[in-house]
2 protein chains.
Amino acid sequence: MDPGDRKQTASGSTSVFVHNPHLDTLKDDILYHFSLGTGTHNLPAMFGDVKFVCVGGSPWRMKAFIEYIAAELGMEDPKSEYPNICAGTDRYAMYKVGPVLSVSHGMGIPSIAIMLHELIKLLHHAHCTDVTIIRIGTSGGIGLEPGTVVVTKQSVDATFLPKFEQVILGRTVVRNTDLDLGLSEELLECSKELNQFPTVIGNTMCTLDFYEGQARLDGAFCSYTEKDKQDYLKKASEAGVCNIEMESSVFAAMCKLSGLRAAVVCVTLLDRLKGDQLNSSHEVLHSYQQRPQILVGHYIKKHLTAKAHS
Amino acid sequence: MDPGDRKQTASGSTSVFVHNPHLDTLKDDILYHFSLGTGTHNLPAMFGDVKFVCVGGSPWRMKAFIEYIAAELGMEDPKSEYPNICAGTDRYAMYKVGPVLSVSHGMGIPSIAIMLHELIKLLHHAHCTDVTIIRIGTSGGIGLEPGTVVVTKQSVDATFLPKFEQVILGRTVVRNTDLDLGLSEELLECSKELNQFPTVIGNTMCTLDFYEGQARLDGAFCSYTEKDKQDYLKKASEAGVCNIEMESSVFAAMCKLSGLRAAVVCVTLLDRLKGDQLNSSHEVLHSYQQRPQILVGHYIKKHLTAKAHS
């Protein structure tokens, strides 16, 4: 079977799967950066019912999301306590309410990749089926009104190509960065139903650096001109790039390999054609950051309601 | 002047410098991921006396370090309160006691690069001089007894070459990853004085991924054999690689560009030739992680004592 094909169980549900024959030889599997493990935790009991996983860079935001989704689903804890499941480590934070898991991933491709390796193994060990995973993040927009939400069609690299380069044993392997188009369209439909903020579908450029890697003029180092920056961002725009962030390519590649239905939903905090510094007020930036949460919350609620009525 | 040459002031001290003519045109400079800025904070008053900056991935560890160094230097806060200077954000944590600054950087090259851009600008805005910066981290060792501390001679990539590739406007620029050899030798000397744990100088391989990128057999995906892994790690060892981590290359490159005297001191948590999982007890791993702190604490104390007596 090709990696990325979805595995159907006898009941017609889709498993999350790992591609690693060595895992079967491990007595226990320690998910070190989560401070969890198969020998120390009953992962099927803790996570077997997970159907939606939301991930984002900031631990505070992922805690806010679980509080928001609990209220949306009418599953609030009366004491409003949502314990951090990864309390034994400060690498990532993880929260759960009903079938929704919320996990932080830090900033950048390497940080989210460590989290995804361990999350995919966690979902596999917990025998989860039919899991949808959505990254809810922040980004810089190109030619969009700040606060616009971008649902990613394809994640592209700094040369605008839809690929992710994974180095394995010193050799570069190229991986596909396709996301689930049906899921993206459903999310766009949800935004229309909400009618609270502008949402578009477009390509997202994923970079390894926030300053020089995104043509910012305000880093510690900058060897190019304002015109060079504008030319680069215009070329990106012509290639269909709507926004720039730092995790979508490896997220798309790894979710595809493991058969997870995946989408990336990022709000744009500024228009990079007009500036580089994040100088909007704290309140404005905070309200923008709630938009992907509201959109994905609506999507999850809609799915769970439809399922309850079916 | 070549980037990387140290700038000497009239008094003979060395400034931290940025290479960005655009910064002078900014009215205020917002260090977004620190939640600090020139318009909102008096950076020279807050940070002007900084001489030693220690950085590490984990915020908890960087808080523990400031408590440790405060005790070592006899500068304890009687209430034992060391406020997080970046309390307005959850991206990084920052603590200060006397001339020592302790900053977390998360995991991976992109995460530490964002922090370093903003740290270098902070030190520049604060008019700091003669700053030494040391990364105190964790790593996987190759053929070393777990708990061995490695002081990095050169940071090398996954093909064992001493270079860091920075993408700027879609084009790759190669940067030098040399660290300060004199500083490394001083740190090795400090370890001999302490005589508490084994310490070596060697090359450090810096990768973009913890699992496939470091030839681990325990990730969600693994397409190679145990023999492939052993062959790769043996080649690394033959190229002088003593340990593997995920931040040293961009750290070395950016510190060199900004004229910071820099070293990387990482403890090895396991011997990768013998396994991949971090299955030592919490107590053992915790004691290993204190070793770079003890070594660097000794170095700082020695320097400050020598200065006080000179």
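Protein chains get the first letters and strands the later ones, always in sequence-line order, with residue 1 at the start of each.
When B/Ala113, B/Ser223, B/Gly57, B/Pro59 are compared by the number of non-hydrogen pairs under 4.5 Å with chain A, B/Pro59 comes out ahead. Ranked by heavy-atom pairs under 4.5 Å with chain B, the first of A/Asp28, A/Leu169, A/Asp157, A/Thr207 is A/Leu169. Between chain B and the options A/Val167, A/Leu208, A/Thr159, A/Leu31, the largest number of non-hydrogen pairs under 4.5 Å is found for A/Leu208. When each of B/His22, B/Arg61, B/Lys229 is scored by its heavy-atom pairs under 4.5 Å with chain A, the top score falls to B/His22. Between chain A and the residues B/Gly108, B/Cys222, B/Gly170, the largest count of heavy-atom pairs under 4.5 Å involves B/Cys222. Residue with the most contacts toward chain B among A/Val173, A/Val18, A/Ile30: A/Ile30 (heavy-atom pairs, distance under 4.5 Å). Note: B/Gly219 leads B/Gly219, B/Ser111, B/Gly213, B/Ala215 in heavy-atom pairs under 4.5 Å with chain A. With chain A as partner, the option from B/Asp90, B/Thr89, B/Asp231 having the largest number of non-hydrogen pairs under 4.5 angstrom is B/Asp90.
The contact between A/Leu269 and chain B is made entirely by side chain atoms (from C-beta outward), counting heavy-atom distances below 4.5 Å. Of the two parts of A/Met205, neither the backbone nor the side chain holds a non-hydrogen atom closer than 4.5 Å to a non-hydrogen atom of chain B. For a residue to count as touching a neighbouring chain, one of its non-hydrogen atoms must lie under 4.5 Å from one of that chain's; by this rule A/Ser104 does not touch chain B. Within the 4.5 angstrom heavy-atom criterion, only backbone atoms of A/Thr225 (N, CA, C, O) approach chain B. Contact annotation for B/Ile112: neither backbone nor side-chain heavy atoms come within less than 4.5 Å of a heavy atom of chain A. The contact between A/Gln166 and chain B is made entirely by side chain atoms (from C-beta outward), counting heavy-atom distances below 4.5 Å.
Here the straight-line distance linking atom OH of A/Tyr224 with atom CD1 of B/Ile168 works out to 6.5 Å at 0.5 Å rounding. To the nearest 0.5 Å, atoms CE (B/Met254) and CD (A/Glu212) are separated by 7.0 Å.
Summarising the geometry of B/Leu217 relative to A/Asn20, their closest heavy-atom pair is O-ND2, 2.8 Å, with the distance given to 0.1 Å.
Taking 4.5 Å as the limit, some side-chain heavy atom of A/Met246 sits within range of a side-chain heavy atom of B/Ile114.
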For residues 116-123 of chain A, which side-chain donor-acceptor pairs fall under 3.5 Å, sequence neighbours excluded?
from: A/His117; atom 1: ND1; to: B/Ala220; atom 2: N; distance (Å): 2.9
from: A/Glu118; atom 1: OE1; to: A/Tyr32; atom 2: N; distance (Å): 3.4
from: A/Glu118; atom 1: OE1; to: A/His33; atom 2: N; distance (Å): 2.9
from: A/Glu118; atom 1: OE1; to: A/Phe34; atom 2: N; distance (Å): 3.4
from: A/Glu118; atom 1: OE2; to: A/His33; atom 2: ND1; distance (Å): 2.7
from: A/Glu118; atom 1: OE2; to: B/Tyr211; atom 2: OH; distance (Å): 2.4
from: A/Lys121; atom 1: NZ; to: A/Asp29; atom 2: OD1; distance (Å): 3.0
from: A/Lys121; atom 1: NZ; to: A/Asp29; atom 2: OD2; distance (Å): 3.2
from: A/Lys121; atom 1: NZ; to: B/Asp218; atom 2: O; distance (Å): 2.5

Using atom types as modelled, flag every donor-acceptor pair under 3.5 Å from a side chain in residues 232-240 of chain A to any protein atom, sequence neighbours excluded.
from: A/Tyr232; atom 1: OH; to: A/Ala158; atom 2: O; distance (Å): 2.6

